[in-house]
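As the structure is a computational prediction, the values presented were derived from the model and not from experiment. Labels below follow one simple rule: chain letters A, B, ... track the order of the sequence lines, proteins then strands, and each chain is numbered from 1.
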Protein chains: 2
Amino acid sequence: MNVLITAGGTTENIDPVRKIKNTATGRLGNLIAEEFVKQGKNQISNIFYVCEKGTIIPNLPCLKVNLVSGVNETKCTLTKLLTDNKIDAVIHSMAVSDYTVDSVTTVDDLAEFISQKLFSHKEDFQTERSLTEFITGCIKENNRLLDNDKKISSNVNNLMLLLKQTPKLLSMIKKLQPSVILVGFKLLSGVKKQYLIDVGYELLQKNDCDFVLANDSLNISNDHHIAYLISPDKSYIQFQTKEKIAHGIVQKILNMVDKR
Amino acid sequence: MNVLITAGGTTENIDPVRKIKNTATGRLGNLIAEEFVKQGKNQISNIFYVCEKGTIIPNLPCLKVNLVSGVNETKCTLTKLLTDNKIDAVIHSMAVSDYTVDSVTTVDDLAEFISQKLFSHKEDFQTERSLTEFITGCIKENNRLLDNDKKISSNVNNLMLLLKQTPKLLSMIKKLQPSVILVGFKLLSGVKKQYLIDVGYELLQKNDCDFVLANDSLNISNDHHIAYLISPDKSYIQFQTKEKIAHGIVQKILNMVDKR
């Protein structure tokens, strides 16, 4: 049996010394890998483990570590692993950055650019809506950008970062290998339990997951971690700690594999 | 003798799960603390060590660790330490974030806000410059903001972050305790050596530093770290490794203390 686990967070560069990160530590991915070895006994041939440098990596003989940096590299690595290997289960616990830096500008530069565009635009705007659309276009086309391949100076006034969404890696997994057992993860913050379940279930349906683990960042601390493992029939099991989450996910997957 | 070392980087929150970090590891601050114990023999009473959780912390009996999170907390901790204790030397090697998140908006919301303001503005703009100023004001006053006390949804189109500069902590140190020996740090990226020296020297003069260590991120790797320790007469010593930087800084400071 081959398992693929993604763990920890991803990092997107603002410039060579500044980056956008998230609070993920990789502890849960770590525990899931250990549970596979514990519960899977001699069934587990390889655990492909995808994470960034700095993430906690479990010390297991069957572990094949693939270090990545950023969403794009993670996407390439996942594609390659899922193309080259027969994988039985993918546990995509990695907190992949939802946003990456598109461009960096300043308030002054952006205002100047919009102003210039408005001045050179001959016709009047009849409606607020048409003006809004024109300005939206200006903001997106703004070419008064700072070069973020170099370190941005420490003394820029009113820096602006324009972010763009990253590709959703969860959605590509079953397309690459339809037979995998897929576990997705959804983290929200400060929401009602039913809403969390609903959003987690939506993610499950959209990405053809076999399970989704839904959790709320306000219910995660050092010693407890409340989470709901949602099934395709929208039933769910509640867990209270990372250890129990890891145990529960692996148990469900091994049960499915045994029935196949 | 009491020493204050700041080390590693600082983290600014975008929302409860996303943050802006920098690439600093704290390895140099760590080595400097160890050098003080090695070279300082019995002279060192306390090393106050200010860093964020996750930074490498040296294991030394005289170390008093002060964990902080973000620029504001770092500022408060430094102020308290420099107010409550007689400190002989401050080595401010921490890569303090230059920017913190002021507000979060979207391109569409910002465009709508500017458009509305322009429509309700009665008089015409005679010059491009006056229009630029008006739009600059709009961008800063924009109230179509996302609530970044909660986790920002993963599905926002064209997210924009407006950043503001953080207070320069280096400038407050000699104001709080004028007698300290102060070592500042300047990191640039991909610049000529003379420019690096000039900028480092400017920082030294502006903040009344006794030394400034100037370095270029392109000349830092795992096994080498080229840096220039600049003195008030603008002469400088060049180092090739983190170990030699730490040794050189501590040697200079202990020499100054001996002469007092």
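Using a 4.5 Å heavy-atom threshold, the side chains of B/Arg18 and A/Thr23 count as separate. With a 4.5 Å cut-off on side-chain heavy atoms, B/Ser154 and A/Lys168 count as touching. Side-chain contact check for A/Asn155 versus B/Gln165: some heavy-atom pair is nearer than 4.5 Å. B/Leu163 places none of its side-chain heavy atoms less than 4.5 Å from the side chain of A/Met160.
Other residues, nucleotides and ligands place more than 12 heavy atoms under 6.0 Å from the CG atom of A/Asn143. The number of heavy atoms from other shown groups lying within 6.0 Å of CG (B/Asp147) is above 12.
B/Asp108 pairs by the side chain to side chain donor-acceptor pair (under 3.5 Å) definition with nothing, not counting sequence neighbours.
Within the 3.5 Å criterion, the main-chain N or O of B/Gly190 finds no donor-acceptor partner in the side chain of A/Lys151. At distances below 3.5 Å, not a single donor-acceptor pair connects side-chain atoms of B/Tyr99 with backbone N or O atoms of A/Asn158.
Heavy-atom pairs under 4.5 Å with chain A peak, among B/Leu187, B/Ile135, B/Leu159, at B/Leu159. Contact count against chain A (heavy-atom pairs under 4.5 Å) is highest for B/Val17 among B/Val17, B/Ile152, B/Thr106, B/Thr166. Comparing B/Ile14, B/Asp15, B/Ile20, B/Leu188 by heavy-atom pairs within less than 4.5 Å of chain A, the highest count is held by B/Ile20.
Considering CD of B/Glu112 and CZ of A/Arg129, their distance stands at 9.0 Å, rounded to 0.5 Å.
Listed by first and then second residue, the salt bridge (charged side-chain N to carboxylate O under 4.0 Å, His left out) pairs involving residues 68-78 of chain B amount to none (not counting sequence neighbours).
For a residue to count as touching a neighbouring chain, one of its non-hydrogen atoms must lie under 4.5 Å from one of that chain's; by this rule B/Lys21 touches chain A with backbone and side chain alike. Heavy-atom distances place no part of B/Asn13 under 4.5 Å from chain A, backbone and side chain included. Proximity to chain B is limited to the backbone of A/Thr127, based on heavy atoms less than 4.5 angstrom apart. Residue contact with chain B, scored on non-hydrogen atoms closer than 4.5 Å, is absent for A/Ser130.
Within residues 201-219 of chain A, the residues approaching chain B closer than 4.5 Å by heavy atoms are, in numerical order, A/Ser217. Contacts between residues 114-121 of chain A and chain B, counted as heavy-atom pairs separated by less than 4.5 Å, involve A/Ile114, A/Ser115, A/Gln116, A/Leu118, A/Phe119.
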After noting the C-alpha distance and the side-chain angles of B/Asn22 and A/Lys19, does the key distance pass the side-chain contact (heavy atoms from CB on, under 4.5 Å) rule? CA-CA 6 Å; B/Asn22 56 54; A/Lys19 49 197 180 180; over 6 Å; no
Quick one, A/Lys150 with B/Val191, criterion side-chain contact (heavy atoms from CB on, under 4.5 Å). Give me CA distance, side-chain angles, the key distance, then yes/no. CA-CA 10 Å; A/Lys150 291 188 182 164; B/Val191 298; over 6 Å; no
